[in-house]
Structures are given as structure tokens and as C-alpha cells.
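Order of the sequence lines fixes the chain letters, A, B, ..., with proteins taken first and strands second; residue numbering starts at 1 for each chain.
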Amino acid sequence: MPNNPDLPKAYEPQNCEDSIYAAWENSGFFNPDNLPGDRTEVFSVMMPPPNVTGVLHLGHAFENSLMDAMVRYQRLRGKKVLLVPGTDHAAIATQAKVEKMLIKEGMADPRKELGREGLLEKIREFSEQSKTTILNQIRKVGTSCDWSRLAYTFDNDRNLAVRTLFVKMYEDGLIYRGFRVVNWSVKGQSTCSDDEIVTIERTAKFYTFKYSQDFPIVIATTRPETKLGDSAVAVHPSDSRYQKFIGQEFMVDIGAANPLKIKIIADENVDPNFGTGALGVTPAHSAIDFAMYEKQKAKGEPIALIPVIGQDGKMTAEAGKEYEGLTCEVAREKFIDWLRRNNLLLNEEEITQNVGTSDRYGDIIEAIPMTQWWLDVNKVIPGRGKTLRELMREAVTIGLDGDAKQKVSITPERFTKLYLDRVENLRDWCLSRQLWWGHRIPAWYRPLTPNPSPVEATGEGEVYVGVEAPQGEGWTQDSDTLDTWFSSGSWTFSTLGWPNKTKDLEDFHPTNWMQMGYEILYLWLMRMILMSTYALRKIPFKDVYIHGILRDADGKKFSKSSGNGIDPLDVIKEYGTDALRLSLLTGITPGNDARFYPEKVESAKNFVNKLWNISRYIITGVSQVSVVQKPEAKTLADEWIIGRLSKITKQTEELIERFDFSLANEKLRDFTWFDFADWYLEISKIQKRDEALKENTDKILFFVLETILKLWHPFTPFVTEEIWKNFGSKKMLIVEDWPMMVVEKQDNTEFERLKEIIEKIRNWRAENKVEPKEKINLTLIVGEYFEIFKDEINLEIIKTLARIENLTLEENHDGGFSYQFNVDRQIDTEKEHARLSAEIENLEKYISSLETKLTNQEFTSKAPAQVVEGLKQKHDEAAKKAEALKQQMENL
RNA sequence: GGGCGCAUAGCUCAGUUGGUUAGAGCGUCACAUUGACAUUGUGAAGGUCAGAGGUUCGAAUCCUCUUGCGCCCACCA
């Protein structure tokens, strides 16, 4: 073992991180195909691709820490590990962002001014730039992902997957074009899915009115301007007030607007107790009303559908000449004014209501009838006998097709219920967007007549859906693009080469583990399960770990608008990557939000430095040690530390396997700092004074260090690898073997006694203000554990660590365990008396509480024997201790 | 309207299927330290586990209710 006295006094992450990462990358070990040894078991993870909308934030660093810890652990366990990195073109998010930037730079309407190709070019430029930044950031946080398999949701391979999937679904009849009310963002000039809507609360005026004086039913609304498109009034079928009108039709003249033909219809969904118990039906501008319209059509008693609001958010010609072109607000005032003048407005009041807004453009979503592409979740899939909804349900309950091995398990479990609730209420998914940045819908149209009416509006003409463009003249591709989640839904397998039958796909899918924040449970988790179970008949992953949101020190969300953003690279610069990673993985629990603050990183940095110095001490202090296969315990302390090490190895394993990264960290930290550094390292200094123990002590130090470096590596990869360099090992730590040592005796009560004595003496010294410099004499009276104190080295340990000059050992033949202090100096006997009696009192309270339990028949008969026995032991020990303390008090 | 989460030391949080005198980090106080450690070590103080009831031999942990905070969902026009 080479001595290295040149190790710097403090760990300097800035000096080694980049070169270590480069060394890992050059080794090829990020790629499972290059991993050394005979690895059969696979462990694969797909990185949730960050949006190419800018730079990574702490949340990404957090996710990378989670993934990398998991993946490094599995690699050390000898698995064939794959972590695929990637980025997401994030259709709407990126386009919205770039448009916003262009507008800020002075452009009034980027789409108009630049045109499709021009704008796309700008977005491409921007996204490529942020992609570069992001990939660099992923490297900086140390993520051990396979760069040779780097993927992008918008590259050619992924595009092929998207087109293939779309066509397959179309051919199975799951994807269809349908005319219905959609969520429309006027600002974004595009549809969006139900999942992309953020509801906000606002106040609105609630108007109660009649269409005309002789119209028999009063209705109410917060959107009077939409009433210009009403074609029915719905009432509950059993509402006695209105029953007599059901089926009747009324012509109403509403001033400057077009006259309306209103039919009174019955519908179960109308709540007779809300408002007037009657609902003005506007099929064109309300999803519920549209459903009634469809129902009426099916019944053969159709009502009209009158779109009065256009895609530009303004009133249409169908609203009437005087209304055409007005904004909704102006039209509303105009109509209310008319109602008022005609004595038709009966009431107006302020209410709070929830409205949907676009999550990217921020404007209020309008309901507008349009023809769009949809995914049917309720249609039976040919050859499968079940619907997409059923697949999604099975995947998390009984396992896909009833195969328990094809089951996604969600951590923490409570999210399973949320998922299932959502699956039950799932509606058809609107796939098409009128955005430009995204996968173009693989559909082409050809008009039947030379001068056709618009195909979209009427559905006239030929439609071709295929992976490639159709042959022949006159075809135009659909100008719409696909919802961004359509491509991310296929991420777990499109990254592995699907639709081609690749070896990767065979080897690595289903993937083993996925982590994501709960905020994309609906958006992403559900869609990945949908896509994978449909296209591959396999679940996308076996385990999904749901984490919370990272918040600032005050519990606020990190966001650009509140200006509390933290750049992970800044943190890395100041504290080092390991410290950042450690701080992100500490104090977290699955599914719950966590706070991030500098003190946390600070303490993580201190720990990393501690680990460094532990290593520095051992490495520079060791004369000659060869790699230790199996350490041999020669002293009680040796036996103890080996037992503890063995236990902590097993615990770390178990905790990572159940995704409890935080606790694994904490336990490891306690062991490293307290057991190893504070106790064993100090003891080793004493042991090494003894020539007979010196070499073996070094071996043990070395063995423990080697082991904890492996245990720490998943969490703090850089510092551990840097230390590892000094070991003269041919292998890099990243591909070392996980420690397998297990010793029988993991809990060592004898050593705990030794510790206890030292702690008691220290405590006593502090209370009696005995300077550390001052040596004292001690008489130790022991029964039960007498043997261990006969050992010279143990006495030496007590003497050194507790600063004892003369130590006298006496055996207490009554058994038990006690110790007395005999000091050659004046001490405050009164104070000592008080101290002892307080301790005795405390003990006696404890003893009596134990006695109450132990004499309780109910307890002794009903509690498990193990528990009773345990308490009995505690009781006896406490009693003996109390006895000894009393003795000590008498001797005062 | 439905659902979920959280409430434990001054602060941030642990506490596995109910079983010792409820833990850690940071902070606070005292002492010691340039001997592996920009620090670290040693010791200490600090909690009626939000409240009320219940189940149990035994509850921070399970059940019911209440209060406060946060989040999600929903077609109250």
C-alpha cells in the first residue's frame, strides 16, 4: 500500500470532480455492454427527460441524485446497469417560452411575422442551446448514464416511434377524428388536454334572467354572452315546476342578436336545487351542454349547435351582426344591458367560481367546438378484449393480463389510489395541437372536389394515416402536431429502439425503476403505462418512486416569478457535488415535499470533509497493508467495529432496496462519524501503541474504510472515488464489488459497557468541572462483565479516553455492573450527592414503572414472551445500577 | 362537494408491521482543542408527540371527531 502523505488537509472537490467524471466516462462503464465481470442480472432506468426550455434547477439535481444513487448501488451489486439520458422537446412549453422571448424582444406576433419555418428555426436554435447546457449539467451532478444511448423526444428515432404508435392506434380504431367541444387557449391558439388545465378561483357575476317576457323558465349564468348560442333549457325530469314544458319549443327574440329556438329538455344531470333549477344549454361552449346535444341527437330530437365565440376569442357572425367581432367582455355588457332595458334581468350577484387556465399560456380556457384527433380510452382493443382504461387499471392492480410479474408498484402506496381514481374518470384524450413545435400528425388529406370546403370543418375528402406519406397527387399533411405527452408516453421503450426489434428492447424492457414528482403522476405516469401496455403488452417499469417537490427554506415553491431560484451549479461550485447530492437526499420521505437551505449543504460538506480526513488519517498512517480479505478481531473494540460494520452494510442494502435513501444516508453517517471516527479511530491510536496489535489494527482500519467507501459511493461518488485512488487498486470504485461481509455477532454489549463507563466518567468530569488535563484515579467495581476489564488493552482504552491516572479493578461477587470514582482531590460532595440522588430518583421512577407493568397479570399473560423478557432484563439491570449508585452515595 | 397529505425539541425533519426512559441535524450553553478534520472533540439544556374521545395489557403509531396549514380532483350552470 503506497503511503501518500501529500493528501491535502481538506477535500477539494473543485480540483477533482471533472477529471473523475471524465475518467468514469472514458472507462466506458456507464455503458452496460462494457461493464467488467460476468453480469447477468439487468437493472435499467430511463431518465425522465428534462424539458429543453432552459437550464436545470435544483429539482433536476434532486432527481439525478436519486437515480444515480440507485444506479450506482445496483452497479456495485454486480448488475448490468443502464441509465439512459435524454431531453424532451416539450412541445407547448418550449414554443410558449420562445414566443414569449420573441415578444419581449419586440415582436408583436411571432407566428405571423416569422411563419412556420421561421419560428421553428428560432425554437430549434433555442432548444439546441438549452440541450447543451442541460447535458453538461447532468454531467456536473455526476450522473452515471450511458451517453452512447442519449435520446431526445424529438429526434428521428423517437419520431418513428411516435408515428408508428399513432398509426397502430389508428388502425386499431382507438385514434379517431371527432368534432366536439375542446379546451381552447386563445393566447396559444391551440387546444390542450384536460391535464394541461390549471384551475384558478376568481370572482364573477352571476346573472339571473329570462330570455323573453313570455318565456316560462328563468335561468342563470356567469357567461351571458354565450347565451346567444343557446338552443335548449334543461331541467330535471322529475322537477314538478317544469315538467309540463318538457318537449316544448320556444322562439325567443333577443334583440340585436340572432333569434333563438329554445327547446325544453330533460336531463338527469341538472340539479333542481341549484339556481333556478333550470340550465340554459349552450352546446357549442360547454362540455356538459355538448354532451346533452349529443344525447338529444341520439334520441332523434336534435337541438342546434351555435358557435358564438370563435378561435380568436371574439364573437362570431352567428351571434348576430351587432355582436360579431366584439370581445366576450364587451358582448357580455351589451347583452346584459339589453336584458336590463327589457326588464329581463332579475338578479345579479358576485360569486366565486373556478375557471380553467392554460398551464403554459396562462389565459382562461374557452370551450369551442372543433374537429380534433382523439384517443379513445373506452374502446375495446381488437385482439385484446379490453380497453386502454382496463390496461391501465390492471397494470397497477392484478398485473397486466393478470400476470403478477407485470405489475407496477408505486411508492408511496397512497398514489396508487389516486392513480386508480383518475383511471376511472378518464376521458378521451385530445391529441392534436395547433402548435408548430412538435411531432406532426401522420395524417394526410385529399379533397374530393377541386374547390373543397375546408376539410377540417366538414370531414369531406379522403384521409390517409400512415407512418410514411401517401403516394399520389394532392395530399396535404395535417398541419397539427401531437400533444407532447404522446412522445414522452413512449419514452421507456422508444429510447430502446422500438418499433424495431432491438436487443436493447429485449434486454432492458420493462425497465426496473422510475422516479418522478407527484405533479406529473397524471400527465406522465399514466401515459407511460398506457403506451407500454398497449404497444408492447408490457409494463414500462416495475417500480415507480414518487417524490415531492423541493421548496425553499420558507417552504415556498422555487419559481422564476418569486426569484428564489437556485442554480445547482452555483451550489456545486461552493460546496462540491457530493455535498449537494447528500443534502438533497437527506431529510426526504417518499411523496412528501422537502426544503432546501444552505445549512443543509453546509453540514453535508462537513461530512464529506470528515470522510476525507478519516481516509487521510488511515492512509497516511498505515505502514504496509495489503488488501484485507477477512479481518480478524483481536480486541473487543475490533470485534465491535466489525460487527457494527456488518450490520450497517446490511441496513444500507435494505434501505436502498426499499427506496429509503434518506435513512440509509443517516445510518451510514452515524456509523461513519460516531462509531468509526469518534470511537474506533480513537481506540486504534491506543491499540497501535501495542506492537502486538499494531498491524492488525491497521488492517481493520483499512478494511472498514474500504467497506464504507463502497457503501458511500452511491451517495457521494466523487470523494469516494478520489480516495479510492490511493488504494492502489486496479479497479475503479464505480465497478467494485459491494461488500458482502456478514459476521454473526453484530451487537456487542460488552463493548457498549466499555463505552458507557467512559461516557459516565466524562460526564462526571464535566459536571464536577474537572479539567481534561487533570488526571484522576478510578476504582472500577464490576461483576457481570468482569472478564472484559481484565484485558489490559480495555483498561488502557478507559484510561486514555477518560483520562485516568490509576485504575483499580475490583470484582463485585454479587454480580451486576457498577463502577466507582475515587479521586485524589477535593470535590464538592454536596453537589455530587445531589447528582447521585437525582440519578437514583430517575432510575427508581423507571424501575417502578417497569414493576407496574411486570406485575400486571394482563400484561404478562397477553404480551409476547419476548417483550416481557426484555422488560424483565431492563428491570434487573436498572435495579442493579440503582443499587450501585446508592452504595456510591454512602461512600461519599 | 369529494379526496389526500401534514401537525413530534427554537428551526428542518426521522420514527418501519403498536412494545425500553420518543431520536438526528442545525441552532443554543459550558469546556477543550492547530496532535486526520477550513474545524473538530467532550458534555449539557430543550418535547404532556395539535386537541378530545375510543380500541388495547400497552398508542407518537390503530379508529372516530375537532382545529390549523398545504395540495389534488369535480360539469354547480
Measure from the ring center of A:Trp712 to the ring center of A:Phe607 and say whether it is less than 6.0 Å. yes

| Distance flag, aromatic centroids of A:Tyr522 and A:Tyr419, threshold under 6.0 Å | no

Counting side-chain heavy atoms from CB outward, which of [options] is closest to [X]?
X	options	result
A:Pro864	B:rC75, B:rG19, B:rA77	B:rG19
A:Asn609	B:rG43, B:rA32, B:rC37	B:rC37
A:Asn354	B:rC76, B:rA74, B:rC72	B:rA74
A:Asn592	B:rA36, B:rC76, B:rA14	B:rA14
A:Ala766	B:rG43, B:rA36, B:rC57	B:rG43
A:Lys853	B:rC37, B:rU21, B:rA32	B:rU21
A:Lys610	B:rG25, B:rA77, B:rU40	B:rU40
A:Asn613	B:rA38, B:rA36, B:rG3	B:rA36
A:Asn842	B:rC57, B:rU21, B:rG43	B:rU21
A:Lys769	B:rC37, B:rA30, B:rU20	B:rA30

Would you say [N] has OP1 or OP2 under 4.0 Å from some side-chain N or O of [X]?
X	N	value
A:Arg595	B:rU12	yes
A:Arg765	B:rC31	no
A:Ser615	B:rA36	no
A:Asn763	B:rU42	no
A:Trp673	B:rG41	yes
A:Lys667	B:rU16	no

Atom NZ of A:Lys685 with >12 non-hydrogen neighbours under 6.0 angstrom | yes

* **More than 12 heavy atoms from other groups under 6.0 Å of NZ on A:Lys573** => no

Could you give the distance separating [M] and [N] at their [atom1] atoms, to the nearest angstrom?
N	M	atom1	answer
B:rA59	B:rG54	C1'	11 Å
B:rA50	B:rU39	C1'	40 Å
B:rC65	B:rG2	P	12 Å
B:rG27	B:rA9	C1'	11 Å
B:rG18	B:rA32	P	49 Å
B:rC26	B:rU42	P	12 Å
B:rU56	B:rU67	P	28 Å
B:rC37	B:rU20	C1'	36 Å

- [ ] Classify the side chain of A:Glu682 and the base of B:rA36 as holding, or not holding, a donor-acceptor pair under 3.5 Å.
- [x] yes

Side chain A:Lys9 and base B:rC37 donor-acceptor under 3.5 Å:
no

Donor + acceptor pair across side chains of [X], [Y] (<3.5 Å):
X	Y	value
A:Tyr11	A:Asn613	no
A:Glu196	A:Ser193	yes
A:Lys227	A:Thr282	yes

Describe the nucleic acid contact of [X] in one word from base, sugar-phosphate, nothing, applying a heavy-atom distance below 4.0 Å.
X	answer
A:Lys872	nothing
A:Tyr207	nothing
A:Arg669	sugar-phosphate
A:Asn856	sugar-phosphate

When A:Asp675, A:Asp747, A:Asp670 are each screened for salt bridge (Lys or Arg N to Asp or Glu O under 4.0 Å) with A:Lys647, the one that passes is A:Asp747

Sequence neighbours excluded, the answer for salt bridge (charged side-chain N to carboxylate O under 4.0 Å, His left out) partners of A:Glu294 is A:Lys297

Applying the Watson-Crick and G-U criteria (both distances under 3.5 angstrom) with [ ] for crossing and | for other-strand pairs, one obtains for RNA chain B (((((((..((((.....[...)))).(((((.......))))).....(((((..]....))))))))))))....

Judged by nearest nucleotide, the residue sitting upstream toward the 5' end of RNA chain B, A:Asp421 or A:Leu681, is A:Asp421

Whichever of A:Glu858 and A:Ala594 has the more 5' nearest nucleotide on RNA chain B, that residue is A:Ala594

key: Flag, side chain of A:Asp267 to backbone of A:Pro237, donor-acceptor distance under 3.5 Å   = no

